[in-house]
Amino acid sequence: MKFKSHLIVLVILSIIVIGCDISNEQSIHQKIEKQTNEIFDSLVKIRRDLHEYPELAGNEKRTSKIIAEYLSNLGLEVKKGVAGYGVVGILKGEKEGKSIAWRADMDAIPNDFADQVSYKSKNKGIQHGCGHDVHIAIGLGIAEVLSKNKESIEGTIYFIFQPEEETFVGAKNMVNSNLFSEMNLDEIYALHVTALPVGQIMVKINELYAYQKIIQITFNETFSGDDAETLYGKIRSEFLRKKDSLNPWEIPKAFDSIVGLTNPNTIFKDYLFMEENFVLEEDKNQLKIKAWLYETNKFNLSNILPKIEQIISNSEFKDKFISTSYIQENPTVLNDEKLTDEATNILNDVYGDGTVVMDYGQIPYFNDDFIYFQQKVPGVYFLLGGSNQEKGIVAMNHAPNFRIDEECIKTGVKSFSSLILERTKTE
């Protein structure tokens with residue numbers, strides 16, 4: 001009987017301990033959510049200021065200064081001038097542990113699209129039409145929230161604010177910096193705001209975007225513009241692979257609830273197409289066709305150029321043909337399978353099932369140089385919804401009237417503060 005009594009006591013104590021652990025976990029994330037709400041207005045103010053004063057890739061001087069001052073005021077160690085105007089904030093926890101990074105890109109894009117907000121760009125011809133101002137605000141918010149929970153952090157968190165994403169050189173330059181080697185990262189995370197419903201988080205294992213290639217086909221001086229129209233039309237028709245009668249190049253459909261990315265039968269998987277328009281350039285008595293191509297299956301990429309050459313060799317233009325090549329072929333974002341699963345489970349456990357939805361396709365046209373970090377460190381890149389149909393807000397990147405429902409900043413800060421905090425815990 002005495003043995004049974006001791007056993008019952010142990011069971012009860014175990015239940016109490018487990019209950020306390022669950023309660024503590026819940027309370028820290030409730031605290032994170034409360035802290036996020038408290039700083040939300042200040043983050044919106046920063047985001048709007050950055051929106052008014054956007055800076056192009058390689059010119060992020062003012063943006064960099066604002067970020068560095070903010071991180072410094074939080075008490076973080078700050079490294080400035082990393083690979084240009086890059087800034088890295090370093091938050092060391094109370095205990096030893098993993099090294100984890102959060103990356104936010106900083107640059108704006110060259111355009112003068114209509115902007116339906118009161119805080120329009122004051123820098124002519126430049127606009128935050130891709131949402132990087134939102135990314136900065138979220139990154140600063142995560143840094144502030146986690147700095148207030150330093151006692152719960154095991155290890156070191158690096159907040160990487162990266163320049164020159166739009167030109168696809170910033171991440172590569174940061175990865176090649178001495179500071180990046182010193183970080184010795186275990187994992188890295190990032191997000192991009194886009195035209196999903198506000199606050200929705202979406203992720204995909206492996207390739208998030210389609211593979212993008214610029215093909216160049218070179219001919220001698222006897223090749224004409226009319227020849228180019230004829231030949232390109234034939235090549236484009238030969239290279240079309242898609243699902244059903246719907247077109248994966250109609251990008252707004254990517255966020256449609258029926259045929260879009262969140263549907264397992266989405267039209268945005270297993271496709272290959274070339275853009276409708278091409279560029280024809282004359283160079284030293286040669287004519288060159290340049291065109292974008294998008295392919296979802298990396299194993300098909302090596303067959304594309306030989307197939308183009310075969311089409312040309314069977315055409316009336318074979319004697320005018322000189323060569324074909326890729327002149328741009330950036331790598332594409334590639335989410336680590338194990339880390340994506342683990343991160344998704346954490347977010348769904350903390351904030352409820354369905355917090356993260358799965359992406360079943362690959363987005364054409366877009367890409368992100370975050371892949372250069374992922375080539376060195378296991379990483380996950382999320383998509384965050386910024387559209388609000390009821391308010392008439394459509395967060396379609398690089399498009400006229402691109403707008404963001406700023407409530408997505410709250411979602412980004414609380415969700416990924418919780419994720420990073422959980423990932424710092426010793427396994």
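Y381 and Y209 have perpendicular rings, their planes meeting at more than 60° on a 0 to 90° scale where under 30° would count as parallel. In this structure, F373 and F180 have tilted ring planes: the angle between them lies in the 30° to 60° band. Note: F168 and Y372 have perpendicular aromatic rings, judged against thresholds of 30 and 60 degrees for the angle between ring planes. Using cut-offs of 30° and 60° for the angle between ring planes, the F273 and Y365 rings count as perpendicular.
The two atoms that bring Y326 and I215 nearest to each other are CE2-CG1, 3.7 Å, heavy atoms only. Summarising the geometry of T355 relative to N348, their closest heavy-atom pair is N-OD1, 3.1 Å, with the distance given to 0.1 Å. In terms of heavy atoms, I142 sits closest to W102 at CD1-CE2, 3.7 Å. Listed here is the closest heavy atom pair of S315 and L231: OG-CD1, 4.3 Å. In plain terms, the two heavy atoms of Q127 and F113 that are nearest each other are NE2-O, 2.9 Å. Taking all atoms of both residues into account, the shortest heavy-atom contact from F159 to L146 is CZ-CD1, 4.1 Å.
Between K61 and E55, no side-chain nitrogen of the basic residue sits less than 4.0 Å from a carboxylate oxygen of the acidic one, so the salt-bridge criterion is not met.
The shortest distance between side-chain heavy atoms of M106 and I67 falls below 4.5 Å. The shortest side-chain heavy-atom distance between E295 and F239 does not fall under the 4.5 Å cut-off. A heavy-atom distance below 4.5 Å is found between the side chains of I153 and L421. Contact annotation: the side chain of W249 never approaches that of E275 to less than 4.5 Å [non-hydrogen atoms, C-beta and beyond]. Side-chain contact between P54 and H128 is present, with heavy atoms from C-beta onward closer than 4.5 Å. R103 is not listed as a side-chain neighbour of H135, based on a closest heavy-atom distance of 4.5 Å or more. Residues F366 and Q212 have side chains not in contact (no heavy-atom distance under 4.5 Å, counting atoms from C-beta outward). Annotation: side chain of D369 is not in contact with side chain of N330 (no heavy-atom distance under 4.5 Å).
Atom CG in L280 sits 11.5 Å away from atom NZ in K288 (nearest 0.5 Å). Taken from CG in L272 to CG in L240, the straight-line distance is 7.5 Å, to the nearest 0.5 Å. One distance of note links CD1 of I312 with CD1 of I235; it measures 4.5 Å at 0.5 Å rounding. To the nearest 0.5 Å, the span separating CD on E38 from NZ on K148 amounts to 6.0 Å. Residue Y360 holds its OH atom at 11.0 Å from OG1 of T266, rounded to the nearest 0.5 Å. One distance of note links CG of L208 with CZ of F382; it measures 11.0 Å at 0.5 Å rounding.
The main-chain N or O of A395 is found under 3.5 Å from a side-chain atom of S387 such that the two form a donor-acceptor pair. Checked by atom type and distance alone, the side chain of K204 pairs as donor or acceptor with a backbone atom of E207 at under 3.5 Å. Looking at D336, its side chain does come within 3.5 Å of a backbone N or O of L339 through a donor-acceptor pair. Side chain of N220 to backbone of N285: no donor-acceptor contact under 3.5 angstrom is found. No donor-acceptor pair closer than 3.5 Å links the side chain of S325 to the backbone N or O of I327. At distances below 3.5 Å, at least one donor-acceptor pair connects side-chain atoms of T296 with backbone N or O atoms of Y271. Checked by atom type and distance alone, the side chain of D105 never pairs as donor or acceptor with a backbone atom of Q162 at under 3.5 Å. K376 places no side-chain N or O within 3.5 Å of a backbone atom of N176 that could act as its donor or acceptor partner. No donor-acceptor distance shorter than 3.5 angstrom exists from the side chain of N345 to the backbone of A343, with no hydrogens or angles considered. The closest donor-acceptor contact from the side chain of E60 to the backbone of E164 lies under 3.5 Å.
For N388 and E407, the side-chain atoms include no donor-acceptor pair closer than 3.5 Å. Side-chain atoms of E144 and Y70 include a donor-acceptor pair closer than 3.5 Å. A side-chain donor-acceptor contact under 3.5 Å links N335 and Q374. Side-chain polar atoms of Y119 and R47 form a donor-acceptor pair below 3.5 angstrom. At a cut-off of 3.5 Å, with distance as the only test, no side-chain donor of D226 or S224 sits close to an acceptor on the other residue.
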Criterion side-chain contact (heavy atoms from CB on, under 4.5 Å) on N263 and V259, from CA distance to verdict: CA-CA 6 Å; N263 188 320; V259 298; over 6 Å; no
Between E422 and D349, is the side-chain contact (heavy atoms from CB on, under 4.5 Å) condition met? List the steps. CA-CA 11 Å; E422 288 297 316; D349 286 345; over 6 Å; no
From CA spacing to verdict: salt bridge (Lys or Arg N to Asp or Glu O under 4.0 Å), E52, K122: CA-CA 5 Å; E52 281 191 273; K122 294 181 178 177; 3.2 Å; yes
Please evaluate residues I90 and L76 with respect to the criterion side-chain contact (heavy atoms from CB on, under 4.5 Å), reporting the C-alpha separation (whole Å), side-chain torsions for both, the decisive distance (0.1 Å), and the verdict. CA-CA 6 Å; I90 305 171; L76 273 63; 5.9 Å; no
Derivation and outcome, side-chain contact (heavy atoms from CB on, under 4.5 Å), residues F161 and S64: CA-CA 8 Å; F161 291 86; S64 176; over 6 Å; no
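Heavy atoms from other residues, nucleotides or ligands lying under 6.0 Å from NZ of K120 number more than 12. A 6.0 Å sphere centred on NZ of K318 holds no more than 12 heavy atoms belonging to other residues, nucleotides or ligands. At most 12 non-hydrogen atoms from other residues, nucleotides or ligands lie less than 6.0 angstrom from CD of E282. L246 CG: more than 12 foreign heavy atoms inside a 6.0 Å radius. With a 6.0 Å radius and a threshold of 12 heavy atoms from other residues, nucleotides or ligands, D283 has its CG atom above the threshold.
For K320 and F223, the positive end is not near the middle of the six-membered ring at less than 6.0 Å and at most 45° from its axis.
Partner of L383 under the side-chain contact (heavy atoms from CB on, under 4.5 Å) criterion, out of V203, V357, V193, T194: T194 alone. When each of Q362, K242, R241 is checked for a side chain to side chain donor-acceptor pair (under 3.5 Å) with D270, only R241 meets the rule. In summary, of the residues considered (V413, L419, I420), a side-chain contact (heavy atoms from CB on, under 4.5 Å) with S417 occurs for V413 alone.
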